[in-house]
Amino acid sequence: MKSTALPLLLLLGVGVAHAQEDLVIDQSKLYVTEPKACQAIETQGIDAFVEMDFLSLTFDGGIQSLEFHCNFYDIKSRPNTPLLFVDAVCSLPGELYPDSFAIAPNGEDSILVVSGTETTLGLAGSEAPPSDFPVGTTIYHRCDNLSEIPID
């Protein structure tokens with residue numbers, strides 16, 4: 001009994017790891033931090049940014065909101081993994097800084113984005129809003145209905 005349980009557990013573990021690797025990040029879509037923003041952008045266009053507080057992410061344009069922007073300069077991937085590594089330059093009014101992001105699938109229609117700069121500041125004791133995820137981590141939800149609407 002013991003000898004068959006171990007191979008069965010190993011196979012089960014491989015199956016779970018393989019299923020997670022099957023998730024793919026669709027780099028042609030718009031992602032937003034607030035799921036309701038997808039509908040707001042469709043109906044209000046750029047005015048949705050004024051009405052709601054959210055970030056948007058496209059792999060061509062980077063991350064943006066009303067006063068925050070990160071331009072993506074280099075998106076790296078590796079075979080056999082859905083993970084991405086992104087080099088970026090970010091800006092706030094009066095501030096400019098480099099950043100790097102680790103991006104991973106978080107399910108069928110969302111991605112997990114981890115900022116190197118925000119993580120470092122969080123570990124250094126800077127205050128950050130409470131979250132279910134570690135400091136520097138943000139969930140972005142894919143807007144499947146907006147693939148033709150550019151947000152620049």
Side-chain angles (χ1 to χ4, degrees), residues 13-152:
V14 169
V16 170
H18 186 269
Q20 195 169 16
E21 288 179 6
D22 289 342
L23 294 175
V24 176
I25 298 171
D26 187 344
Q27 294 185 36
S28 69
K29 299 289 185 177
L30 170 72
Y31 293 83
V32 293
T33 55
E34 191 61 47
K36 294 178 182 178
C38 293
Q39 183 65 30
I41 291 170
E42 185 175 3
T43 58
Q44 300 172 335
I46 199 74
D47 292 334
F49 283 93
V50 176
E51 297 288 322
M52 300 178 71
D53 184 24
F54 67 94
L55 297 171
S56 69
L57 181 152
T58 61
F59 287 89
D60 289 336
I63 298 172
Q64 55 188 320
S65 70
L66 281 179
E67 294 188 353
F68 175 74
H69 190 82
C70 286
N71 289 309
F72 289 178
Y73 284 90
D74 191 18
I75 301 172
K76 297 177 184 171
S77 62
R78 300 212 38 142
N80 303 319
T81 179
L83 305 176
L84 301 173
F85 181 79
V86 178
D87 288 321
V89 174
C90 301
S91 63
L92 288 162
E95 293 184 38
L96 179 70
Y97 60 93
D99 204 343
S100 58
F101 298 93
I103 302 176
N106 187 56
E108 290 294 321
D109 63 352
S110 64
I111 56 176
L112 195 72
V113 179
V114 182
S115 162
T117 299
E118 287 182 29
T119 300
T120 302
L121 291 173
L123 293 173
S126 295
E127 293 198 22
S131 172
D132 294 337
F133 296 96
V135 174
T137 303
T138 306
I139 301 293
Y140 285 81
H141 305 274
R142 188 176 65 219
C143 295
D144 289 325
N145 59 330
L146 300 173
S147 61
E148 294 85 29
I149 300 174
I151 303 293
D152 293 321

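This structure is a prediction, so every number in the text was calculated from the model and none was measured. What you see below is based on every heavy atom in this structure, not just the backbone, and it leaves out hydrogens, waters and symmetry mates.
For the pair His141 and Ser110, the tightest heavy-atom approach, listed with the atom from each and the gap, is ND1-CB, 4.0 Å. Shortest non-hydrogen contact noted between Cys70 and Phe101 is SG-CZ, 3.9 Å. Heavy-atom minimum distance, Leu66 versus Val50: CD1-CA, 4.0 Å. Scanning both residues, Leu84 and Ser77, for their nearest heavy atoms gives CD2-CB, 3.6 Å. Taking both residues in full, the closest heavy atoms of Gln27 and Ile75 are given as OE1-CG2, 4.2 Å, listed atom of the first, atom of the second, then distance. Thr119 approaches Gly136 most closely through the heavy-atom pair OG1-CA, 3.8 Å.
With hydrogens and angles left out, the side-chain atoms of Thr58 and Asp60 include no donor and acceptor closer than 3.5 Å. Between the side chains of Asp87 and Ser100, no donor N or O sits under 3.5 Å from an acceptor N or O.
Atom-to-atom distance recorded for Met52:CE and Glu34:CD is 5.0 Å, nearest 0.5 angstrom. Atoms CG and CD1, on Asp47 and Ile41 in that order, are 11.5 Å from each other to the nearest 0.5 Å.
Within the 4.5 Å cutoff, the side chain of Cys90 has heavy atoms near those of the Phe68 side chain. Contact annotation: the side chain of Ser56 approaches that of Phe49 to within less than 4.5 Å [non-hydrogen atoms, C-beta and beyond]. Considering only heavy atoms from C-beta on, Ser115 stays 4.5 Å or farther from Thr138 through its side chain. In this structure, the side chains of Leu57 and Leu30 stay at 4.5 Å or more apart for every pair of heavy atoms. Proximity of Phe72 to Ile63: side-chain heavy atoms (C-beta onward) are separated by under 4.5 Å at one or more points. At least one side-chain heavy atom of Val89 sits under 4.5 Å from a side-chain heavy atom of Tyr73. At a threshold of 4.5 Å between non-hydrogen side-chain atoms, the residues Leu83 and Ile103 do not count as touching. The closest side-chain heavy-atom distance from Tyr31 to Ile25 is below 4.5 Å.
Counted within 6.0 Å of CG on Asp26, heavy atoms from surrounding residues, nucleotides or ligands total more than 12; the atom is thus considered enclosed.
Looking only at distances, a side-chain donor or acceptor of Asp99 sits under 3.5 Å from a matching main-chain atom of Thr117. With hydrogens and angles disregarded, a donor-acceptor distance shorter than 3.5 Å links the side chain of Thr33 to the backbone of Leu55.
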